[in-house]
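Have a look at the structure below before the remarks.
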Amino acid sequence: MKWSKALIPTLKEKPKNVENVSHSLSIRAGLVRPLVSGVYSYLPFGWKVLSNIINIIKEEMNKIGGQELFLPALTPSEFWKETGRWDEYGKEMFKLKDRKNRDMCLAPTHEEVITEIARKEITSYKDLPQIWYQIQTKFRDEIRPRGGLFRLRQFIMKDSYSFDTDDEMFKSNYALHREAYSNIFKRCGLDFIIVKASSGLMGGSLSEEFMTFSEDGEDTVVVCEKCGYKANHEVAVSRNNGVNFSDEPLEKIHTPIEGSIEKVSGFLKVPKTKLMKSLLYLIDEEPIFLLLDGEHELSDEKLGNLGNARAATPDEIKTIVGASSGYISPIGLKTKIRTFADTALGSKKGLITGANEDMYHFKGVNIERDLKVDKYVDLKLVNDGDKCESCGASLNIKHSIEIGHIFNLGVKYSTLMKAFFLDNTGEKKPIVMGSYGTSPERIMMSVIETHQDKDGIIWPSEIAPYKVLVIPLNIEKPEVKNTAETIWSALREKTEVLMDDRDESVGVKFKDASLIGIPLQIIVGERSLKNGNVEIKSRDGAISKNVKKEEVVEEALKLMNSEFIN
RNA sequence: CGGGGGGUGGCGCAGCUUGGUAGCGCGCUUGGUUCGGGACCAAGAGGCCACGGGUUCGAAUCCCGUCUCCCCGACCA
């Protein structure tokens, strides 16, 4: 392709309303253009990258025996109603009516549709296992699209589904996907880790997320550099901080300040760990006290695991406990309220917590002596620097981007939608399912996030829109032009090559070359041509040398296949 | 949905406080000079100042409403 004939609309300035690097670069390099919030057009240059990513995905999925299919995006409500997600998904689902007034939606995911196929077509254990996948557009009316292309309302998803007779068989399909995903991300040039995940709306237990690190990522993960422990922040665990205070008698003290952990620890001049956070929640409409170490926040995910939970309102707290939030605790209450304590609280002594009277706290609280804990559960959101549960080293919290998610659906959908098969004893059983998702846009944006410098993108060669960029510096000099043409023609038979044949000044060409990030550049200019040379260099700066113009094609092909670029 | 910030030639911005001929940089067109890191000169084209109402002799500017985009929180590939 010649640049003069191509649509590669580069931008000199950072577009407005753009925050993170990948968003800015994807627009500046002419890959994408916004249409409405959370919806983007993919221009030819960007689509080439996405197509390369999609091809890698297909290759790796086919390798594990995945069969590609293509399901409709427009789906009737009835299947969603069978599983209850018509309501569960709520406003996030793009719902519409057809001309007969029938409820339809633009599918946000495809468990229902795929299960509908499975229940009709799979009848015997002899039909199992199966892996079906598709690469298709998903629609989710996100509460807030964000981060450029990180959270979209319309996006491409590769989703696959596995069908097995039992958990044992499922495990091997799961492992195959884990392997395939690892290969996909590796080939795209991404560094990633696999963490324990939260399952969200999908349900199911075994669940892992593939994460890349980026300051602009909307997720956080907890990692232990020492033993390799890693988990999504929401579900990560850490040890008791090991801080102990001496035992004292229980005593009510006057604390004439706002009852926050911050204020109380400041007022009493004690560390936050000496405070015990007492929170009143309604779990399945039963009031329950949740106790946490003063320096930790409650994890929403872990809270959700307890049941249908919500924080008690100030009025409810007043009615149930008789004091305001900030001055409450399960100690000395007339009415019994069940109490769950975070595991890290253990049997601590000498703590401070609310005295169930405004402006008063208890000091000297001894958990074993002064209150009855009904259940110890893991409730806390891990803090940076907490001690690793398994090895005791300090944990780090890092921003990350979720690029893939694999999980066990168990028999949730097969049971709800009656997708049964007969096993070898003639017994009717629900199909064991797994669901696996990744998104080409996310991959592309993650790659940009992690493969760029101040001048622009540096594409890993496998997904680069072109592998080589030929830059004739002054297109009006016949020798420069002809040499570039010769190189370009020879190269285009072997690989994808772009030639910047625009009549632009060198500065513009070099700046654009850096911006669009083609991994290999062949620079044809009068200066080196005097010695019969052209320059070949890699965008990442690793290679820059002069070679005979007759040998540059061969050299380029050699470099392309070497390890030098990611 | 709550909170915050925007919408002015294609792009990035100024102008708005204190109403009075719509401006700058980039890009674009034409001609010329340049050509190893966003060149220079000259001449041009291009704007219902998001939209709808008001106030006023007069509104990009003041007031009311609407739409829309971005950021922070509940969601997830």
Side-chain angles (χ1 to χ4, degrees), chain A residues 9-20 23-24 27-28 30 33-39 57 88-93 108-110 135-160 181 197-202 207 209-212 216-219 232 234 300-301 304 310-311 401-407 435-446 455-456 471-477 480 502-515 521 523-530 534-535 537 544 546:
Chain A
T10 57
L11 262 38
K12 197 181 285 188
E13 286 170 291
K14 185 183 114 175
K16 81 171 150 187
N17 283 339
V18 158
E19 299 300 316
N20 58 43
H23 193 197
S24 173
I27 293 174
R28 290 223 293 133
R33 287 292 182 266
L35 188 64
V36 281
S37 179
V39 180
I57 293 173
E88 264 178 57
Y89 246 106
K91 287 191 171 173
E92 208 165 307
M93 199 181 243
T109 175
H110 278 87
I135 290 165
Q136 203 238 27
T137 304
K138 297 281 191 279
F139 299 88
R140 294 182 186 175
D141 199 356
E142 291 287 345
I143 301 167
R144 182 159 84 83
R146 73 174 82 190
L149 305 221
F150 281 130
R151 167 142 262 97
L152 294 165
R153 296 197 297 167
Q154 171 177 333
F155 64 98
I156 305 167
M157 185 197 263
K158 179 251 107 184
D159 46 329
S160 52
Y181 271 41
S198 54
S199 302
L201 255 183
M202 299 299 176
S207 168
E209 291 163 336
F210 291 74
M211 296 284 199
T212 55
D216 292 320
E218 58 174 337
D219 280 290
N232 186 301
E234 278 291 333
D300 289 338
E301 181 79 18
R310 66 174 177 89
I401 300 162
E402 183 187 346
I403 48 173
H405 196 165
I406 56 179
F407 45 99
S435 165
Y436 316 84
T438 184
S439 147
E441 288 103 327
R442 276 266 175 100
I443 295 175
M444 179 170 84
M445 299 311 278
S446 301
D455 296 318
I471 312 174
L473 292 180
N474 184 350
I475 201 78
E476 284 180 356
K477 302 284 178 199
V480 171
R502 297 173 303 169
D503 187 11
E504 291 286 354
S505 71
V506 282
V508 171
K509 292 191 175 192
F510 280 134
K511 287 288 182 185
D512 269 348
S514 300
L515 178 60
Q521 301 173 357
I523 299 157
V524 184
E526 282 182 290
R527 202 171 69 188
S528 35
L529 225 40
K530 277 184 194 139
V534 294
E535 187 185 347
K537 70 192 242 189
S544 174
N546 288 310

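Proteins come first, then strands; the chains are lettered A, B, ... in the order of their sequence lines, and each starts at number 1.
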Which is true for A/Asp159 with a 4.0 Å heavy-atom rule: it touches a base, it touches only sugar-phosphate, or it touches nothing?
nothing
Using whole Å, what does the distance between atom P of nucleotide B/C69 and atom CZ of A/Arg153 come to?
7 Å
Does a distance-only test, which skips hydrogens and angles, find a donor-acceptor pair under 3.5 Å between the side chain of A/Ser514 and the base of B/G37?
yes
Quiz question: going by heavy-atom distance under 3.5 Å, is there a donor-acceptor pair between the base of B/G25 and the side chain of A/Glu13?
yes
Taking atom types as they are modelled, would you say the side chain of A/Glu504 forms a donor-acceptor pair with the base of B/C35 within the 3.5 Å cutoff?
no
Reckon A/Ile403 touches a base, only the sugar-phosphate, or nothing at all at heavy-atom distances under 4.0 Å?
sugar-phosphate
Nearest-0.5 Å distance that lies between atom CD1 in A/Ile57 and atom OH in A/Tyr181
7.5 Å
Quiz question: going by heavy-atom distance under 3.5 Å, is there a donor-acceptor pair between the base of B/C76 and the side chain of A/Asp219?
yes
Taking the side chain of A/Ser439 as its heavy atoms from C-beta onward, which of B/A74, B/A77, B/C75 lies nearest to it?
B/A77
A/Glu441 with A/Lys138: basic N within carboxylate O range, under 4.0 Å:
no
Nearest nucleotide by nearest heavy atom, which residue falls closer to the 5' end of RNA chain B, A/Pro145 or A/Leu473?
A/Leu473
Answer with base, sugar-phosphate or nothing: what part of the nucleic acid does A/Gly147 contact at a heavy-atom distance below 4.0 Å?
sugar-phosphate
Does any nucleotide pair with B/U29 by Watson-Crick or G-U wobble geometry, both distances under 3.5 Å, and what is it?
B/A43
Got a donor-acceptor pair under 3.5 Å from the side chain of A/Arg140 to the base of B/C76?
no
Stacking between A/Phe510 and B/G38, defined as ring centres under 5.5 angstrom apart with planes under 30°, is that present or not?
no
Hey, does A/Lys16 reach any base, or is it just sugar-phosphate, or nothing, if we go heavy atoms under 4.0 Å?
sugar-phosphate
